[in-house]
2 protein chains.
Amino acid sequence: MQKKSLKEQGYKLTKPRQLILDFFSRRSQPASVNQIYRALKAKIDKVTVYRVLAVLQEVGLIFEEPGEKESLYYAAKKQHHHIVCRVCGLSQCLPCTHFFSKIKNFSAIEHKMTISGLCKKCAH
Amino acid sequence: MQKKSLKEQGYKLTKPRQLILDFFSRRSQPASVNQIYRALKAKIDKVTVYRVLAVLQEVGLIFEEPGEKESLYYAAKKQHHHIVCRVCGLSQCLPCTHFFSKIKNFSAIEHKMTISGLCKKCAH
DNA sequence: AAAATAAATGCAAGTCAGTTGCTTTTACCT
DNA sequence: AGGTAAAAGCAACTGACTTGCATTTATTTT
Ligand SMILES: [Mn+2]
Ligand SMILES: [Mn+2]
Ligand SMILES: [Zn+2]
Ligand SMILES: [Zn+2]
């Protein structure tokens, strides 16, 4: 089954929401709030960016991820791990192994991981 | 070889530094800046807590870690991974496997990982 | 098509972690 | 004890993120 739209889930399709959905349809890499805000050349308030991202995440149209500098990043595809260059920010997907399937004493396990390094261009 | 003291590394042994070293000698779990600050009942300025932690980390007497709520945590033992209860904060060490030893395109690899869950007491 | 209405936006102000600049105090050396 | 550089304390700042509230907008109802 494919993703339900905002309207199908009882949310209005507003101009800010449309702008941010368009942004993600053009972009495959994860993006921070500020990257999104700047990409829209401040056509919408930054508070609205936060609120729209919360809604889009709520309805499963985007996904949150941990990041290096700004802590919240979002992407159009479900969360998996990345390696990020600490100099230029180049980011590359990593195959997602399933760590820790049998941890004792804890339930409802979640994990967040950031792997960073220097890409060829930045390594000297 | 064992750890060099502050003095041996050219740093003064001041009252705030002593207090924080004592704090870590009593505590095995990682602690955030605020936890440290509150534990000292504000005997020293919070800015000083930040600066002392930076020094102690610099000289290798404590180690920084990523965390769930506050992003900076510190511990007396070298960085490894933990699982943290999202309700009460109970934290437990995890064996550190050496992920990602052969990543392509990136050098100087570092990783940060937080694993959280609900401990037995908080799981209902 | 216009009015009604609830939901969403924008703006201003607030919170909270972490930083910076600067003055005063302190550890340590002579 | 006195001198001095390093460190502490204080106040103000920054930047991410949140909250409250008045205004605007998407969609429903006439
Ligand atoms: Mn994964
Ligand atoms: Mn590890
Ligand atoms: Zn790079
Ligand atoms: Zn718990």
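Note on naming: letters A, B, ... go to the chains in the order of the sequence lines (proteins, then strands), and numbering restarts at 1 for each one. The figures here come from the full heavy-atom set of this structure, side chains too, leaving out hydrogens, waters and symmetry mates.
Put simply, OH on B/Y73 is 15 Å from C1' on C/dG18, counting in whole angstrom units. For A/Y74 and D/dC17, the OH to C1' distance is 10 Å, given to the nearest whole Å. The interatomic distance linking A/K46 (NZ) with C/dA13 (P) rounds to 17 Å, in whole Å. In this structure, CZ of A/R38 is placed 13 Å from C1' of D/dA16, rounded to the nearest angstrom. Per the geometry, OH belonging to B/Y50 stands 9 Å off C1' belonging to C/dC16, to the nearest Å. Per the geometry, CG belonging to A/L19 stands 12 Å off P belonging to D/dA26, to the nearest Å. Computed from coordinates, the A/Y37 OH to C/dT9 P distance equals 15 Å when rounded to whole Å. Atom CG of A/L21 is separated from atom P of C/dA8 by 14 Å (rounded to the nearest Å).
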Task: Pair A/I44-A/Y37, side-chain contact (heavy atoms from CB on, under 4.5 Å): steps then yes or no - done: CA-CA 8 Å; A/I44 56 183; A/Y37 180 65; 5.5 Å; no
TODO: Could you walk me through whether B/I20 and B/I62 pass side-chain contact (heavy atoms from CB on, under 4.5 Å), step by step?
DONE: CA-CA 10 Å; B/I20 292 184; B/I62 63 169; 5.7 Å; no
Open item on the list: Counting primed atoms plus P, OP1 and OP2 as sugar-phosphate and everything else as base, spell out the protein contacts along nucleotides 24-30 of chain C at 4.0 Å heavy-atom distance: B, S or - for each nucleotide, 5' to 3'.
Closed with: --BBS--
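Residues meeting the side-chain contact (heavy atoms from CB on, under 4.5 Å) test with B/K41, sequence neighbours left out: none. Remark: B/E58 pairs with no residue by the side chain to side chain donor-acceptor pair (under 3.5 Å) rule, at least two apart or across chains. In terms of the side-chain contact (heavy atoms from CB on, under 4.5 Å) criterion, residue partners of A/K12 (sequence neighbours excluded) are, by chain and number, A/T14, A/R17. With sequence neighbours excluded, the residues forming a side-chain contact (heavy atoms from CB on, under 4.5 Å) with A/S28 are A/K77, listed by chain and number. For B/K4, the side-chain contact (heavy atoms from CB on, under 4.5 Å) test picks out B/E8, B/Q9, with sequence neighbours left out. Applying the side chain to side chain donor-acceptor pair (under 3.5 Å) criterion to A/Q18, with sequence neighbours excluded, gives no partner residue.
Rounding to the nearest 0.5 Å gives a distance of 13.0 Å between CG of B/D22 and NZ of B/K15.
Between A/F23 and A/L19 there is no side-chain heavy-atom pair separated by less than 4.5 Å.
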Counting only pairs under 3.5 Å, give me each side-chain donor-acceptor contact of residues 45-56 of chain B, with atom names and distances, residues two or more places apart or in other chains.
from	atom 1	to	atom 2	distance (Å)
B/D45	OD2	B/V47	N	2.9
B/K46	NZ	B/N34	OD1	2.8

Under 3.5 Å, which N/O atoms of the protein pair with N/O atoms of nucleotides 9-11 of chain D?
from	atom 1	to	atom 2	distance (Å)
D/dG9	OP2	B/D45	N	3.3
D/dG9	OP2	B/T48	OG1	2.9
D/dG9	N7	B/R51	NH2	3.0
D/dG9	O6	B/R51	NH2	2.7
D/dC10	N4	B/R51	NH2	3.3

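Within residues 52-62 of chain B, no residue has a heavy atom under 4.0 Å from DNA chain C.
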